[in-house]
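These notes are about the structure you will find just below.
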Amino acid sequence: MRRALAICVFFFPISVFCQSKALVFQSDFGLKDGAVSAMKGVAYSVDKDLAMFDLTHEIPAYNIWEAAYRLKQTAPYWPVGTVFVSVVDPGVGTERKSVVMKSRSGHYFVTPDNGTLTLIAEVLGIDQVREIDEAVNRLKNSDQSYTFHGRDVYAYTGARLAAGIISFEEVGPISKSDIVRIDYQKPSFENGKIAGTIDILDIQYGNVWTNIDKSLLNKLNFKYGDKINVSIYHKDKRVFEESIVFGKTFGDVSEGKAVGYLNSLLNFAIGINRGNFAEKYKVASGPEWKIVLKASDGH
Amino acid sequence: MRRALAICVFFFPISVFCQSKALVFQSDFGLKDGAVSAMKGVAYSVDKDLAMFDLTHEIPAYNIWEAAYRLKQTAPYWPVGTVFVSVVDPGVGTERKSVVMKSRSGHYFVTPDNGTLTLIAEVLGIDQVREIDEAVNRLKNSDQSYTFHGRDVYAYTGARLAAGIISFEEVGPISKSDIVRIDYQKPSFENGKIAGTIDILDIQYGNVWTNIDKSLLNKLNFKYGDKINVSIYHKDKRVFEESIVFGKTFGDVSEGKAVGYLNSLLNFAIGINRGNFAEKYKVASGPEWKIVLKASDGH
Amino acid sequence: MRRALAICVFFFPISVFCQSKALVFQSDFGLKDGAVSAMKGVAYSVDKDLAMFDLTHEIPAYNIWEAAYRLKQTAPYWPVGTVFVSVVDPGVGTERKSVVMKSRSGHYFVTPDNGTLTLIAEVLGIDQVREIDEAVNRLKNSDQSYTFHGRDVYAYTGARLAAGIISFEEVGPISKSDIVRIDYQKPSFENGKIAGTIDILDIQYGNVWTNIDKSLLNKLNFKYGDKINVSIYHKDKRVFEESIVFGKTFGDVSEGKAVGYLNSLLNFAIGINRGNFAEKYKVASGPEWKIVLKASDGH
């Protein structure tokens, strides 16, 4: 590929014709065994000049929601053309489809079609989705054994796409159905109440991050120092209700008190000053969680 | 190296004369301190164009068996010429030799000769083993302090070999003795019994993976749904005996029940449907473990 | 950049004019979310040919001392010109400055100026420190939201510096004040006593590593087998005092006994043969810890 590249440079002054794209891996494999390395070995065998990176391999086992969230959080910071390979695949062996989604922004996502694409499709938009044709897009001789799809199909196809060995069209036929989408509480405002879901926990500190952004929060005209009435539901069961201060920093409340704030994504979040909100109230994240905000009565 | 490469491309159309090889690191150092980074800094100083990767650095401390197993699991997916540097070295400071093994497949393994090569030597075959001549193959000035062999000898030598700065012959003299091999129960069939060892645990799920492959298992003509009598021994002491179903998926048994199945390597494995077999029966992996399969009486 | 490079090779035979430098990341972000990947995406967007590496992302949250120590432990093994981006930043949002330090050795360190540079400045010396001018050295459009400084300022600036897109001078104005330095017990010898701090724990084994080096230790003429009287203080409160053997290896004392020894950096360290010193005596590391050595009375 380096050779190819130098030649390209020579004949085609516009390097975009020749340059391979970054390949970014995500999985729930962890880093303790050889699974990630086997995927990279296959990709490196495809093209020795691929630039390979990791998003994370510490997605909790089978947690499709978190896989979806990490793609949304990260992909926009990678250049157009970057190929993401995401393998969180509780349905391996079942009939879930293997797809490559091209976003309207021009990023590619290679993944089992199991909900992983839910959030990134909303954020970047869908240009086209193609089903991987495993008759051609599969590591040679890998059908002699039970397939390790992450390595034999996803890493292999992602690497060939990133390297420009196959075009997006050569991935396989256009998918006839919409992608699988996880059902969750979209951010909304109705009857004086803002609703949303808990996107993710800021694990290291136990803060709860919602999908309610600043502009939606503004519908209730909260100012720093105001109290917000917060209810949190798990599968429709209320597990938390309290009126908490809307603060600029954690220091706006005394130690051990909960505070609502805007996180680094400018979304509404909740934490405890020098404490762990998620642990204290046994709150987690994902589509089963719903949060509702309204003006506090004592407001 | 990029400069060298471009020149190579110019004068030698066949890039194999010039292109450096991948360098893949494995250790029990973990990722919390600077040890891995120091190794990579040394390798990068040797050649700025080396493609460096990690197998894993989470080998349990001093666990040579697991180091051996991860090489076997992963190396075949990397291209011929790839240089592996594996540093799990409980004997640092003792008289264990430092070697580079070239496999018959053309892969290189830089490691203390302490059993780490046991399994990869069986799988890929040995072409030649050379002892590292530390008089030349050692980071300059590193003898001023206690040596960190992983960095000063193994990473340094692996990098120079991968970069083509030294040839395999320049590593040092051919080793006069065989590599150190860990003694373990090879897969075997005798008197209606199949024996093997527990290669590794599928840690995240607590499944037990054996070195008994499908073709050996076929000696007893098990069909899906049959019962297999399984005994597991630790240092000759039996710690488990039960007749379990041979299933195609975990769903073939009810929740909490043990099931025998073929894993992604097509080897015999044991797990519990939605449970953790290794934890429940306090079973681990490595050369001290033996597993014996026979037809169940109630079969 | 590859294109640029090939052209460079053509016109400038001395590749140093063209070649980008390694970019090495350190943080307390962990590897479970997308923060590290977002930083690398930004850096990759700056220059597709940057060689990126990780020092560690497992610095304990907000532990500036350990960030400082890891830079000192690792940076000298990377070539001159390497750019380190270290983001351990408890003061994000406060008035701490963002700087790039060029060491006398020619390495660069991009970091909040919060003490992270303390040890590397001592080891490599300071050539010059510049404050990052965020008016120009900040990811475009990143001021629309709360800034993630690690990504929008540090990774972005580090990448542009490593790629040669900006010169060191273009980072911003020369810093008018000295860097922030953490106060800690420097290695010293007075009145027959050697004092120092506990630099770091060798976590996996619970050994205690001090900043007292071999030449300083020699002031007391200890020989292997001698007893050393060791006192350890936490914020001036003594938490350990005992006379322990100065050994060449752990095997010089019986199981469970403490031993003083020279570690791989040739510094004085303390461990327990097949035990965990730090855990047993609840000893940790950092500027709040002091260690004093003197000849044992029973010597």
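Labels below follow one simple rule: chain letters A, B, ... track the order of the sequence lines, proteins then strands, and each chain is numbered from 1. The structure presented is a predicted model; accordingly, all values stated were derived computationally and were not measured.
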*asked:* Under 4.5 Å from any heavy atom of chain B, what part of C:Q26 do you find: side chain, backbone, both or neither?
replied: neither
*Engaged part of B:M52 at the chain C interface, taking heavy atoms whose separation is under 4.5 Å*: side chain
*asked:* Need one label for B:V42: side chain, backbone, both or neither, based on atoms under 4.5 Å from any heavy atom in chain C.
replied: both
*Can you tell which part of C:Y205 gets under 4.5 Å to a heavy atom of chain B, answering side chain, backbone, both or neither?*
side chain
*How about B:Y156 and B:R151: does a side-chain donor come under 3.5 Å of a side-chain acceptor?*
no
*asked:* Which residue in the set B:V208, B:V283, B:D199 passes side-chain contact (heavy atoms from CB on, under 4.5 Å) when paired with B:W289?
replied: B:V283
_Taking the ring of B:F29 and the ring of B:F148, is the distance between their centroids below 6.0 Å?_
yes
*Go through the atoms of B:Y62 and report whether side chain, backbone, both or neither lie under 4.5 Å from a heavy atom of chain C.*
side chain
*Ring centres of B:F25 and B:F53 under 6.0 Å apart?*
no
*Which answer fits C:L31, side chain, backbone, both or neither, if we ask what part of it has an atom under 4.5 Å from a heavy atom of chain B?*
side chain
*Any ion pair linking B:D54 and B:K40 (charged N to carboxylate O, less than 4.0 Å)?*
yes
